[in-house]
Structures are given as structure tokens and as C-alpha cells.
Amino acid sequence: MFTLSPRNQMGIGLALILLMIITRGHHFASLHNLPDASWLIFFLAGVYLRSAWPLLGFLALGGWLDFAAYTWGGVSGFCLTPAYVFLLPAYISLWLAGRWYAHRHQFSWRTLMPLSLSMMTGLMLCELFSGGGFYFFSGRFESTTWVEFAERSIKYFPMYIESFLIYAGIAIVMHAALVALRQQFNSSNTSAG
């Protein structure tokens with residue numbers, strides 16, 4: 001299983017909090033409207049953070065940021081419907097997918113298969129809960145059908161995948177660079193001692 005020291009987990013947790021604050025919707029902290037990184041944040045929290053408490057913290061932070069954006073930031077409340085509750089299982093799906101992958105992680109090319117599988121599964125479940133929940137239970141659509149939901153998913157889901165994969169690519173490069181630096185540091189210390 002992939003594990004980090006509590007100090008490293010704290011650093012990653014703080015970086016994920018900052019990323020959520022910077023990218024969550026169109027609120028006061030957006031830097032030229034960066035794509036929302038929330039989906040990747042929940043996935044990475046499952047991978048890197050051992051406790052379930054950060055999951056609750058990220059759920060609360062996301063809710064608070066949405067509330068603040070709507071209340072004080074002038075953002076439309078279009079998405080704030082009874083279907084908002086479906087974000088809970090959507091984000092939990094990503095977190096669980098990350099947790100599943102953490103148990104299979106290896107620093108080798110063989111990790112790409114379980115990583116891809118966990119990402120695809122997490123993304124599809126997240127879309128089903130968040131997009132499907134909004135489509136079927138928000139009250140914003142007069143009549144709902146599975147065919148129309150599929151058409152809407154084909155139209156909008158790729159944008160979420162794209163944002164997720166861009167941020168995931170950055171995270172993978174950072175992870176690989178830090179592991180390589182750590183291995184280099186450890187080998188230097190071993191040969192010096």
C-alpha cells in the first residue's frame with residue numbers, strides 16, 4: 001500500500017485545499033477562471049491521505065466555497081437545487097477510486113493499468129451521480145429521459161474528463177519528480193555514509 005509520513009500527508013492536504021480554493025467555480029479567488037480541480041482533488045485525497053477525515057473536510061470546503069460564491073460572489077444559483085446532495089456520492093466515488101488505487105500503487109510502468117482503471121471508474125461514477133443527479137432531480141428539466149441524459153453526458157462529460165486529466169498529468173509529473181529526487185537523495189546519502 002502507498003503510504004506517506006503524516007508530515008507529507010499534511011503538506012499534500014494543504015496543497016489540495018489551496019488548489020480547491022483557487023479553482024472552485026467562479027468566485028473571488030479564481031485566477032482567470034481556472035478549470036475546477038475538485039474531481040481530481042477528491043481522487044488524490046483518496047490516494048495520498050490515509051484518514052477519512054480529510055474527505056469530510058473537502059466536502060465541507062467545497063460546500064462552503066459554493067455557498068460563498070453564490071451568497072457573496074454573485075455567482076448564479078442555477079446548480080443549487082435539491083440535486084446538490086448528489087455531489088456527496090459523486091465525490092465519495094472519486095475518493096474511493098483513489099483509495100482503491102493507493103493499495104495497488106507501485107513506482108513502475110505497471111501502475112498505469114490500475115491507475116487508469118481507478119480514474120475511469122471514479123470519473124464515470126462521479127458523472128453518473130453529479131450529472132445524473134442534477135439532470136433527474138434538480139427540477140430544471142421538464143421531462144427527463146435516459147436518452148437525453150446520455151446525449152447531455154456526451155456533450156459535457158468530456159470537458160470534466162479533460163480538466164481532470166490535465167490536473168492529473170501535472171500531479172503525476174510532480175509525483176514522479178519528487179520520488180526521483182528522493183531516490184537520488186537516498187542513494188547519495190547511502191554512498192556517502
Side-chain angles (χ1 to χ4, degrees), residues 1-62 64-65 87 90-127 130 157-192:
M1 180 174 163
F2 182 70
T3 58
L4 293 169
S5 71
R7 182 176 161 201
N8 289 338
Q9 288 183 57
M10 179 70 75
I12 290 170
L14 291 173
L16 294 176
I17 289 169
L18 181 61
L19 185 61
M20 183 178 278
I21 291 170
I22 291 171
T23 66
R24 182 81 180 199
H26 303 288
H27 56 79
F28 61 92
S30 289
L31 298 176
H32 305 291
N33 297 326
L34 291 171
D36 188 353
S38 297
W39 287 24
L40 182 72
I41 289 166
F42 282 96
F43 181 82
L44 291 179
V47 172
Y48 290 113
L49 309 178
R50 294 292 45 117
S51 171
W53 287 109
L55 170 64
L56 298 175
F58 284 114
L59 291 169
L61 178 60
W64 183 84
L65 288 170
L87 288 180
Y91 291 150
I92 291 169
S93 297
L94 288 165
W95 182 80
L96 287 171
R99 184 59 61 102
W100 180 86
Y101 170 71
H103 290 284
R104 286 145 188 86
H105 172 76
Q106 303 171 13
F107 192 66
S108 74
W109 291 106
R110 289 181 297 202
T111 202
L112 291 178
M113 182 58 77
L115 177 61
S116 298
L117 180 63
S118 64
M119 286 179 167
M120 287 187 317
T121 302
L123 284 168
M124 287 189 295
L125 287 172
C126 185
E127 170 60 16
S130 66
F157 187 39
M159 291 183 289
Y160 290 104
I161 295 171
E162 179 182 34
S163 295
F164 182 93
L165 292 177
I166 288 169
Y167 287 122
I170 294 167
I172 290 167
V173 168
M174 289 175 62
H175 177 91
L178 290 172
V179 169
L181 284 171
R182 186 176 196 185
Q183 288 175 346
Q184 179 68 28
F185 178 77
N186 288 341
S187 68
S188 296
N189 284 342
T190 304
S191 61

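Below, each value reflects all heavy atoms present in this structure, side chains not excepted, and no hydrogens, waters or symmetry copies.
- Side-chain atoms of Leu44 and Ile12, non-hydrogen and from C-beta on, never get closer than 4.5 Å to each other.
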For residues 114-123, which side-chain N or O atoms pair as donor and acceptor with protein atoms under 3.5 Å away, sequence neighbours left out?
from	atom 1	to	atom 2	distance (Å)
Ser116	OG	Leu112	O	2.8
Ser118	OG	Pro114	O	3.1
Ser118	OG	Leu115	O	2.9
Thr121	OG1	Leu117	O	2.9

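- Between Ser38 and Met20, the shortest heavy-atom contact is OG-CE, 4.0 Å.
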Assess whether side-chain contact (heavy atoms from CB on, under 4.5 Å) is satisfied between Tyr160 and Asp36, documenting all intermediate values.
-> CA-CA 9 Å; Tyr160 290 104; Asp36 188 353; over 6 Å; no

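- Distance check, rounded to the nearest 0.5 Å: CG of Leu40 to CG of Leu16 gives 8.0 Å.
- No donor-acceptor pair closer than 3.5 Å links the side chain of Tyr101 to the backbone N or O of Phe43.
- Across every non-hydrogen atom of Val47 and Gly98, the tightest pair is CG2-O, 3.4 Å.
- Atom CZ of Phe58 is surrounded by more than 12 heavy atoms from other residues, nucleotides or ligands within 6.0 Å.
- For the pair Leu65 and Ile21, the tightest heavy-atom approach, listed with the atom from each and the gap, is CD1-CA, 3.9 Å.
- Here CD1 of Ile41 is found 11.0 Å from CZ of Phe164. Values are rounded to the nearest 0.5 Å.
- Taking each heavy atom of Cys126 and Ser93 in turn, the nearest pair found is N-CB, 4.4 Å.
- To the nearest 0.5 Å, the span separating CE on Met159 from CD on Glu162 amounts to 9.0 Å.
- Minimum interatomic distance between Ala37 and Thr23 (heavy atoms only, all atoms of both residues): N-OG1, 3.1 Å.
- For the residue pair Ser130 / Tyr91, no side-chain donor-acceptor distance below 3.5 Å is found, with atom types taken as modelled.
- Remark: Met113 CE is loosely packed, at most 12 non-hydrogen atoms of other residues, nucleotides or ligands lying under 6.0 Å away.
- Here the straight-line distance linking atom CD1 of Ile92 with atom CG of Leu125 works out to 12.0 Å at 0.5 Å rounding.
- Of all heavy-atom pairs between Pro54 and Ser51, the closest is CD-O, 3.1 Å.
- A tilted orientation is assigned to the rings of His175 and Tyr48, their planes being inclined by 30° to 60°.
- The backbone N or O of Ser5 lies less than 3.5 Å from no partner atom in the side chain of Arg50, so there is not a single donor-acceptor pair.
- With Gln9 contributing its side chain and Leu4 its backbone, the two residues share a donor-acceptor pair below 3.5 Å.
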